[in-house]
Every structure is written in C-alpha cells, then in structure tokens.
Amino acid sequence: MQKTKFREFIDSLIIIINPIISDTWSKRSILLLSLLFGFYFTNSLISFLLDKSVNTIFLAVIILLIMELVIRSYLIPKLTIPVMIINNIRIGSTYALILEAYK
C-alpha cells in the first residue's frame with residue numbers, strides 16, 4: 001500500500017491498541033480492578049469527609065498532590081505492573097474527584 005497520512009495514522013493506532021488487546025486477561029483484569037478501586041476509595045473518602053467539618057477544596061488538592069508525588073516517584077522508564085496499577089489508582093481517584101466536583 002501507499003504511504004499516505006491516513007495509512008500512517010492507522011499504523012500508529014494499531015501500535016497503540018495492539019498491546020491492550022494482546023495482553024493476558026489477568027493483567028487486564030488487575031488493571032481494571034485497580035482503576036475501580038481508586039475510584040471507590042476516593043469516592044468513599046470524600047463522602048466520609050464531607051460529613052465532617054473539613055475544607056473539601058483543600059482536601060482535594062492534598063489528594064491530587066499525594067497521587068502525583070506517588071506516580072512521579074517512579075523513575076522507571078519501563079512500565080511494570082506495579083507502576084501501571086498505581087497509575088490506574090491515580091486515574092480512578094482523579095476521576096472521582098472531578099465527578100464529586102460536578103455534584
């Protein structure tokens with residue numbers, strides 16, 4: 001085939017999507033569970049602390065800073081399973097914070 005921009009785009013999508021599809025079911029399920037755990041844990045924590053007299057904006061900033069410091073502390077260029085799990089927990093908790101902000 002000819003090397004067009006669309007073909008290069010399709011090739012780059014295949015390079016991105018292929019590792020996701022070709023992973024084992026156990027790896028995909030662990031990563032999905034870590035994403036859901038981060039969402040559940042942060043949502044439960046925020047719901048618990050909303051009943052207390054705590055400044056929620058300050059709390060949200062602290063949670064985000066802690067999660068960013070945790071993921072930035074790993075200076076490993078290769079994405080290993082523990083680093084990916086921590087990253088998925090961070091993504092789930094960030095999603096819970098944003099969802100709580102819109103409520």
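Computed from heavy atoms alone, side chains included, the values below leave out hydrogens, waters and symmetry copies.
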- [ ] Could you identify which residues cluster with I16, counting Ile, Leu, Val, Met, Phe, Trp and Tyr as linked when any side-chain heavy atoms lie under 4.5 Å apart, either directly or through a chain of such contacts?
- [x] none
- [ ] List, by chain and then residue number, the residues other than I10 in its hydrophobic cluster (Ile/Leu/Val/Met/Phe/Trp/Tyr, side-chain heavy atoms under 4.5 Å); write none if there are no others.
- [x] F6, F9, L13, I14
When the side chains of residues 35-49 are checked against the rest of the protein, which donor-acceptor pairs come out under 3.5 Å, sequence neighbours left out?
residue: T42; atom: OG1; partner: G38; partner atom: O; Å: 2.9
residue: S44; atom: OG; partner: Y40; partner atom: O; Å: 2.9
residue: S47; atom: OG; partner: N43; partner atom: O; Å: 2.9

TODO: Please check if L97 and I91 belong to a single hydrophobic cluster, counting links between Ile, Leu, Val, Met, Phe, Trp and Tyr side chain heavy atoms closer than 4.5 Å.
DONE: no
Task: For I98, all residues meeting side-chain contact (heavy atoms from CB on, under 4.5 Å), sequence neighbours excluded - done: T94, Y102
- [ ] Quick one: list whatever passes side-chain contact (heavy atoms from CB on, under 4.5 Å) with I81, sequence neighbours left out.
- [x] K27, I85
TODO: Look up atom CD1 in I89 and atom CG in L33, then write down how far apart they are to the nearest 0.5 Å.
DONE: 10.5 Å
Open item on the list: Can you tell me how far apart CD1 (I30) and CH2 (W25) are? Round to the nearest 0.5 Å.
Closed with: 8.5 Å
- [ ] Using the test side chain to side chain donor-acceptor pair (under 3.5 Å), find all partners of S26 that sit at least two apart in sequence or belong to another chain.
- [x] T24
